[in-house]
Number of protein chains: 2
Amino acid sequence: MSLRHALLGLLSEDPASGYDLLKLFENSLANVWPATQSQLYGELGRLADAGLITVRSEGARGRKEYAVTDAGREELRHWLLDVPPVPIRRYDMLLRVFFFGQISADDAIAYLREQQQAAAAEGERLAELGKMIAPHQDNFTVYGRLALEWGLRSSRLHQEWAEWAIGEVKAHDPAANTDPCEPG
Amino acid sequence: MSLRHALLGLLSEDPASGYDLLKLFENSLANVWPATQSQLYGELGRLADAGLITVRSEGARGRKEYAVTDAGREELRHWLLDVPPVPIRRYDMLLRVFFFGQISADDAIAYLREQQQAAAAEGERLAELGKMIAPHQDNFTVYGRLALEWGLRSSRLHQEWAEWAIGEVKAHDPAANTDPCEPG
DNA sequence: CTTCGACATGTCACTACTGGAATGTCAGAG
DNA sequence: CTCTGACATTCCAGTAGTGACATGTCGAAG
């Protein structure tokens, strides 16, 4: 139920509509907790039903501006301080590695190279994102940078690991010949 | 739908029953793709319906030993070679970081320290796991070690990042006093 | 005045995953 | 002979997440 708290957290900084929140999400929270539009609106409804947020005003085009209530703020604090975060470890990418025995060493290496490149691209994307966001502004941005740094380090880890893993696969099957520098 | 392929992959090495697979999962795939018992049995049924696996024999206590079919092996290869892995990025732990503005710097630092310790513990667990599994044996074990190394590096990343983040939080709020070495 | 794009919300069917309960078998220890 | 624990499967209700579709408003450009 983290989306619930993500919304509560965003609304704690500033009141906003579902549409606003969707936009805010895009280059911040979506990087650590993606959500679709339908999920977001649904959760806002449930949050309002539970009294954790309220419709502070209704604007043009059916716009509903939500604001967090005292109960909501309390719930957010409780989540931040008392609820241990659940480590989510589902790595499609690593799952495949277990089954490298089913494909050739060359195919395995090609796979790892693709992963390395994907990680590099992700690193670039995050670096770009870092340049885009203003120097500091609000709390949200300041602390978001901590998460961004995590992403940058993670991207580096992926690249280095892939490099290492390619070496391992080659060591395990010396016949593999994807390196153009070493002719047979 | 990765569980489907995880099962196909396991059965590609050796035929097994649902119960066997559940055990196999525990200290291997569960680290990169957890699954509950109900999910596993359900998926086996669907896999059999789809003709990707078959019941090769029925033993005592209703035991059904499944084996992968040619279609199943083909599906596994296809998944490994042609389907790009979906990066899953849902980090409850990082989500909370965005909302550090809602709690005190001391609380934020305490949170980061807990994360650091959790990562250290996870590292230990994986190191233990590495000692437990036999030197090499089958393909599955050999390549599983690549995933294990990823876990070890990831654990180190978490620890180092947490250390760094604590420094950042302190720099942002110099009043924070959780470091016993620097008296006020 | 029309059309287009941004604003804005809601709903639906589907899949994946969680957690728990129910049911039963078989081998070995006492 | 009985009990326990490992073996073994099935079902179910509930939640979270996905992707697509439906609906409608408003301002500005042409």
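Chain A is the first sequence line, chain B the second, and so forth, proteins listed ahead of strands; every chain is numbered from 1. Computed from heavy atoms alone, side chains included, the values below leave out hydrogens, waters and symmetry copies.
Residues from residues 13-22 of chain A placing a heavy atom under 4.0 Å of any atom in DNA chain D do not occur. Sorted by residue number, the members of residues 90-99 of chain B with any non-hydrogen atom under 4.0 Å from DNA chain D read B:Arg90.
Distances shown here put every side-chain N or O of B:Tyr41 at or beyond 4.0 Å from the OP1 or OP2 atom of D:dT10. For D:dT10, one of the phosphate oxygens OP1 or OP2 lies less than 4.0 angstrom from a side-chain nitrogen or oxygen of B:Lys64. OP1 and OP2 of D:dA16 both lie 4.0 Å or more from every side-chain N or O belonging to A:Gln39. Within the structure, a side-chain polar atom (N or O) of A:Arg63 is placed less than 4.0 Å from OP1 or OP2 of C:dA8.
Within 6.0 Å of atom CG in B:Asp70, 12 or fewer heavy atoms from other residues, nucleotides or ligands are found, so the atom counts as exposed in its surroundings.
One donor-acceptor pair, N or O on each side, does fall under 3.5 Å between the base of C:dG19 and the side chain of B:Ser38.
Using a distance-only test at 3.5 Å, with no hydrogens or angles considered, no donor-acceptor pair links the side chain of A:Ser154 to the main chain of A:Trp150. Under the 3.5 Å distance criterion, the side-chain polar atoms of B:Arg96 are matched with a main-chain donor or acceptor of A:Trp79. A distance-only check finds a donor-acceptor pair linking the side chain of A:Arg90 to the backbone of B:Pro34 [under 3.5 Å].
In summary, A:Glu26 and A:Lys23 do not engage in a salt bridge, as defined by a charged side-chain N under 4.0 Å from a carboxylate O. Ion pair B:Glu149/B:Arg153 flagged as a salt bridge, since at least one NZ, NE, NH1 or NH2 atom sits closer than 4.0 Å to an Asp/Glu carboxylate oxygen. Under the 4.0 Å criterion applied to side-chain N and carboxylate O atoms, B:Arg125 and B:Glu122 are assigned as salt-bridge partners.
Between B:Lys23 and B:Gln37, the residue anchored nearer the 5' end of DNA chain D, judged by the nucleotide with its closest heavy atom, is B:Lys23.
The distance from atom CG of B:Leu7 to atom C1' of C:dC17 is 14 Å, rounded to the nearest whole Å. Distance A:Trp33 CH2 to D:dT18 C1': 15 Å, rounded to the nearest Å. Summarising the geometry, the separation between CG on B:Leu44 and P on D:dA8 is reported as 13 Å, rounded to the nearest angstrom. Straight-line distance from the CG atom of B:Leu47 to the P atom of D:dT10: 14 Å, rounded to whole Å. Between the CZ atom of A:Arg89 and the P atom of C:dT18 there is a distance of 11 Å, rounded to whole Å. A:Phe25 places its CZ atom 11 Å from the P atom of D:dT18, with the value rounded to the nearest Å. As a whole-Å value, the separation of B:Glu43 CD from C:dA16 C1' is 9 Å. Atom pair A:Arg4:CZ and D:dA16:P shows a separation of 8 Å (rounding to whole Å applied).
In the hydrophobic cluster analysis, where Ile, Leu, Val, Met, Phe, Trp and Tyr join through side-chain heavy atoms closer than 4.5 angstrom, A:Leu29 is grouped together with A:Val83. In the hydrophobic clustering of this structure, A:Leu80 groups with A:Ile88; members are Ile, Leu, Val, Met, Phe, Trp, Tyr whose side-chain heavy atoms approach within less than 4.5 Å, directly or through other members.
When each of D:dA16, C:dC26, C:dG10 is scored by its nearest atom to the side-chain atoms of B:Ala60, the top-ranked nucleotide is C:dC26. For A:Met1, whose side chain is taken as the heavy atoms from C-beta onward, the closest listed nucleotide among D:dA16, D:dT9, C:dT9 is D:dA16.
Here the options are B:Phe99, B:Phe100, B:Phe98, the test is ring pair (Phe, Tyr, Trp, His ring centres under 6.0 Å), and the partner is A:Tyr143; only B:Phe100 passes.
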